[in-house]
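These notes concern the structure reproduced below.
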Number of protein chains: 2
Amino acid sequence: MAALGIKDIAALANVSPATVSRVFSAPEMVSKKTLEKVQKVIDESGYRPNRIGASLRTRKSGNIVAIIPDITNPVNAGIIRAIEQKAHTAGYSVLLGDTQGLHEREQHYADLVTHGQADGVLLFCSSIPFKTDPTLNLAQQLPPMVNGNEKIDSDEVVQVAVDNVAAAKRAVKHLIDLGHKYIAAVTGPDDIASSNERLEGYRSALEDANIPLDSGLCIQGEYDVESGMKCAGQLLLLRQRPTAIFCFSDDMAIGVMKFVQKQGFSVPEDISVMGFDDINYAQLVSPALTTVHQPLEEIGGLCIELLLKQLKGEYVEPGRRFLPFELKVRGSTGPAPT
Amino acid sequence: MAALGIKDIAALANVSPATVSRVFSAPEMVSKKTLEKVQKVIDESGYRPNRIGASLRTRKSGNIVAIIPDITNPVNAGIIRAIEQKAHTAGYSVLLGDTQGLHEREQHYADLVTHGQADGVLLFCSSIPFKTDPTLNLAQQLPPMVNGNEKIDSDEVVQVAVDNVAAAKRAVKHLIDLGHKYIAAVTGPDDIASSNERLEGYRSALEDANIPLDSGLCIQGEYDVESGMKCAGQLLLLRQRPTAIFCFSDDMAIGVMKFVQKQGFSVPEDISVMGFDDINYAQLVSPALTTVHQPLEEIGGLCIELLLKQLKGEYVEPGRRFLPFELKVRGSTGPAPT
DNA sequence: TAGTTAAATGAAAACGTTTTACATGTTAAT
DNA sequence: ATTAACATGTAAAACGTTTTCATTTAACTA
């Protein structure tokens, strides 16, 4: 069953390939009569137009590639789902580029667009995986692209995220308001921009409250549950133990909560724990996790929207766009022990 | 900066396009001298071969499409990650088809292969989204495909999953061994094969123990946390309340646990709760969830392996392949109250 | 050296569409 | 009846590769 092509259909229907093509892409410019005739042949033959052929001609693949560190992370999964839905209704398919944090992989997936396999990039990491000529205008060297959830150090790329410094600041303020003075931070890897921004917010909140910054209270984690546990272990060893721990991800927060509870402390009576992200499971652990809500659906949605706009050829103002976060106060934070 | 093609490179290097092509795909059959010459031109010009052009000629897109109900479900996310990794090292990119359980979407994504945009399908749902002629041999009408984690009613398709009936049976036996007699089941949607298989395992375990089947104890959920809560609500209303609840997903189990706890029951003293899947968070709720472990990595890995084999043209024996499950006994199950 | 074989290269067709430029047929206006 | 204008349709080029087959070049053999 050698798949038949547009020419075969044309022959069967006694029209030219051009007409068949128009039946799909511009039916209004073919007469009703021939339209029906061709349609009938198409239906009867089960003809499936080959999109590769079309892509070659139109120079559009109909794909976009989403580059994310780890699909297993609920934050990313939520964003990806939103993207996928909207891309689908816009007629695009999404290629999943799970990098596991490897730059080499970022490169690889970015290459999909330079190789014509994708028309645009959704980038959820903090560096531009394209070789660019620094003497030239950056924006002109980039394909349609939007950076989500992270920060790229350039005001020429369009970016959407939550205001991490404001959000972290708000979170820490919550702890300060509860009377905490020894507030630890469990950060993410230091090559991740969002983590550094959250750290800045943490510092800023302490500064506003005239609480001296104690670098011993800042521990670097890996954003996952295990590293949360590990960091909690380190924090509990401190001579002056923190009364509150602000974690830069819910997973880490859940990890520290588990660990401190296992050590016999109670949350929040002895130690308050705060997360960041508001993944589904944040409400389901005990006690429910106080955290900063990120609007995943909106983030993903805006990213893809802005990308689609670019793909349509519309101009999209570069720069950052902030989406609103929300402090979710639940059971894992409480007044500082006296 | 009109992207330059293989002909331009050929011209620049004073060779034919064929030679340039060979530099990439069969460097061993071009002499060292010309190889270097061409390579130099390629490097200097920053030439990126257009994969669409190549695809058209070779009739291979280099993509595979993974059709899943919901990427937000940790089970699916885990599987997809495994797939993505192996696909990547094999030179394939994966198109993500998140269907939200909609058949129409399954169709759409399956169409990607009939349209040449993907070379094979990984199908994580329980019906074949291709129109097939029932009078003809099924296997010959299907593209390279493997069905994962579900069950399709045909012995002509290659399938990989956990033995759901055995697994569910094992789970219920655990509860029976603890002395439970009133064991409820919170199932998934009844058009999902895996759920029906688990139900069968549940029945079989009861039968073996001579416990009469009480259909009032079987409630249909939606696999997610909310539906778990809802079902728990119904179960607690029963005149003869169950002492154990077996949920067909961890999410639902977490939901019922939350709910029964909120109603003042304690788990497992009053009611034992059992899940299925063993997602990460199963260990992190309180009490930790007893559940059936599914080897996500292995499932995804085997799926993609079998698909790659087919794509290489090798024959793959159709039929089901079972991967081992494992009962994880944790804190949410205990002896039946006396 | 001439003859033979093997290795390296090139010319051109093919993959399946879209689209431009043009041709034909039809209608409306004079 | 003649022409202009328009509606439909067509032929053919183009998109960027790969690959078959023929040809040239290089490398041996006798």
Side-chain angles (χ1 to χ4, degrees), chain A residues 1-39 41-42 45-63 91 111-119, chain B residues 1-39 41-42 45-63 91 111-119:
Chain A
M1 65 177 207
L4 56 189
I6 203 171
K7 286 187 213 160
D8 304 301
I9 302 302
L12 286 174
N14 255 312
V15 295
S16 76
T19 303
V20 178
S21 175
R22 282 195 276 257
V23 166
F24 288 106
S25 50
E28 73 279 3
M29 48 169 59
V30 32
S31 74
K32 198 159 218 161
K33 208 174 58 182
T34 47
L35 190 74
E36 279 169 4
K37 182 174 62 175
V38 174
Q39 195 63 57
V41 174
I42 290 173
S45 64
Y47 165 62
R48 307 271 113 189
N50 180 318
R51 294 270 254 129
I52 297 288
S55 286
L56 181 57
R57 174 65 222 229
T58 61
R59 316 185 64 80
K60 301 252 151 271
S61 68
N63 297 330
D111 279 349
L112 291 183
V113 7
T114 71
H115 286 275
Q117 298 184 103
D119 304 331
Chain B
M1 63 176 209
L4 55 188
I6 202 172
K7 286 187 212 158
D8 304 301
I9 302 302
L12 286 174
N14 253 312
V15 296
S16 77
T19 304
V20 178
S21 175
R22 281 192 277 254
V23 166
F24 289 105
S25 49
E28 73 279 4
M29 47 169 60
V30 29
S31 75
K32 198 159 217 162
K33 207 174 57 179
T34 46
L35 190 74
E36 279 170 3
K37 183 173 61 174
V38 174
Q39 195 63 58
V41 174
I42 289 173
S45 63
Y47 165 63
R48 309 269 111 192
N50 180 318
R51 295 268 254 130
I52 298 288
S55 286
L56 181 58
R57 173 66 222 231
T58 61
R59 316 186 63 81
K60 301 253 151 270
S61 67
N63 297 330
D111 279 349
L112 291 182
V113 7
T114 71
H115 286 276
Q117 298 183 103
D119 304 331

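Basis for what follows: all heavy atoms, side chains included, without hydrogens, waters or symmetry-related copies.
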Rounded to the nearest 0.5 Å, what separates atom CD1 in B:Ile9 from atom CD in B:Gln39? 10.5 Å
Mind checking if A:Thr34 touches a base, just sugar-phosphate, or nothing, with heavy atoms under 4.0 Å? sugar-phosphate
By the 4.0 Å heavy-atom rule, please label B:Asn14 as base, sugar-phosphate, or nothing. sugar-phosphate
Using whole Å, report how far CD of A:Glu36 lies from P of D:dT8. 14 Å
Between CD of A:Glu28 and P of D:dA7 the distance, given in whole Å, is 13 Å
Roughly how far, to the nearest 0.5 Å, is CG of B:Leu56 from CZ of A:Arg57? 13.0 Å
Check nucleotides 16-19 of chain C for protein N or O atoms closer than 3.5 Å to its own N or O atoms and list the pairs.
residue, atom, partner, partner atom, Å
C:dG16, OP1, B:Arg59, NH1, 2.6
C:dG16, OP1, B:Arg59, NH2, 2.9
C:dG16, N2, A:Gly53, O, 3.1
C:dT17, OP1, A:Tyr47, OH, 2.8
C:dT17, OP1, A:Asn50, N, 2.7
C:dT17, OP2, A:Ile6, N, 2.6
C:dT17, OP2, A:Tyr47, OH, 3.4
C:dT17, O5', A:Tyr47, OH, 3.3
C:dT18, OP2, A:Ser21, OG, 2.4
C:dT18, O2, A:Arg57, NH1, 2.6
C:dT19, O4', A:Arg57, NH2, 3.3

Roughly how far, to the nearest 0.5 Å, is the OG1 atom of A:Thr58 from the CD1 atom of B:Ile52? 8.5 Å
Verify, without hydrogens or angle tests, whether B:Asp119 (side chain) and B:Lys60 (backbone) share a donor-acceptor contact under 3.5 angstrom. no
Collect all protein-nucleotide pairs involving nucleotides 22-26 of chain C in which both atoms are nitrogen or oxygen and the distance is under 3.5 Å.
none

What is the distance from atom CG of A:Leu4 to atom CG of A:Leu12, rounded to the nearest 0.5 Å? 7.0 Å
Side chain of B:Ser21, backbone of B:Pro17: donor and acceptor closer than 3.5 Å? no
Could you give the distance from OG (A:Ser55) to CD (A:Gln117), rounded to the nearest 0.5 Å? 10.5 Å
Taken to the nearest 0.5 Å, the spacing of A:Arg22 CZ from A:Leu35 CG works out to 12.0 Å
